[in-house]
Amino acid sequence: MAKGYWLMKSEPDVFSIDDLAKVEREPWDGIRNYQARNFMRDTMRVGDGVLFYHSNGGKLGTGIVGVAEVVSEGYADYTAWDAESKYFDGKASEANPIWVMVDVRFVEKFDEILTLSDLKGNAELSGMLVVRRGQRLSIQPVDEEDFARVLKLGRGKG
DNA sequence: GCCAACGTTGGC
DNA sequence: GCCAACGTTGGC
């Protein structure tokens with residue numbers, strides 16, 4: 001099967017690309033949106049490429065900051081039935097997990113952030129979901145061509 | 001901090 | 001099954 005490509009959003013205050021670089025590998029927990037869950041459960045495969053996006057970046061800026069890789073199939077997000085977790089969901093249980101996560105691993109960090117306005121200003125990237133107004137989905141599929149373009153831009157910027 | 005966009009919930 | 005109210009996301 002062909003390799004898949006994704007964009008995954010994270011607030012750098014909560015979990016940044018530097019955090020991922022430190023831990024090397026991380027369960028992408030806390031996704032509580034059905035569409036995003038379905039991508040992880042049904043479509044993501046080990047080896048898929050991930051654009052790491054900082055949302056609500058504040059001083060750090062908002063945009064794509066590097067690359068990660070999917071390193072597990074989807075599995076139950078156990079934070080959903082952990083009453084201590086901020087991602088707790090009373091309807092989920094070990095028998096009925098509802099929510100799914102995958103593990104990702106750090107691949108590379110761009111020398112400079114590729115900001116949202118960079119992306120919006122590039123006509124070649126106009127098909128990307130992330131440049132669309134009001135697009136809140138935290139896990140988005142990315143075309144192979146767009147993934148390659150972003151990689152080139154991100155590596156070329158520093 | 002504001003607020004537009006949009007997903008989810010719940011009354012009917 | 002509709003849809004208004006509500007809560008959250010996320011850019012600015």
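Here is the naming used below: chain letters follow the sequence lines, and residue numbers restart at 1 for every chain.
- Below 30°, between 30° and 60°, or above 60°: for Phe15(A) and Phe52(A) the angle between ring planes is between 30° and 60°, a tilted geometry.
- The residue among Asn56(A) and Gln35(A) whose nearest nucleotide of DNA chain B is located toward the 5' end is Asn56(A).
- Relative ring orientation between Phe147(A) and Tyr5(A) is described as tilted, the plane-to-plane angle lying within the 30° to 60° band.
- In this structure, Arg155(A) does not pair ionically with Asp111(A), as no charged nitrogen and carboxylate oxygen lie closer than 4.0 Å.
- Residue order along DNA chain B, read from the 5' end via each residue's closest nucleotide, puts Gly134(A) first among Lys91(A) and Gly134(A).
- Ring-plane geometry between Tyr78(A) and Tyr75(A) is classed as tilted, the angle between the planes lying from 30 to 60 degrees on a 0 to 90 degree scale.
- Put simply, chain A comes within 4.0 Å of DNA chain B, heavy atom to any atom, from dA4(B) to dT9(B), going 5' to 3'.
- Here Glu26(A) does not pair with Arg105(A) in a salt bridge; the nearest charged N to carboxylate O distance is not below 4.0 Å.
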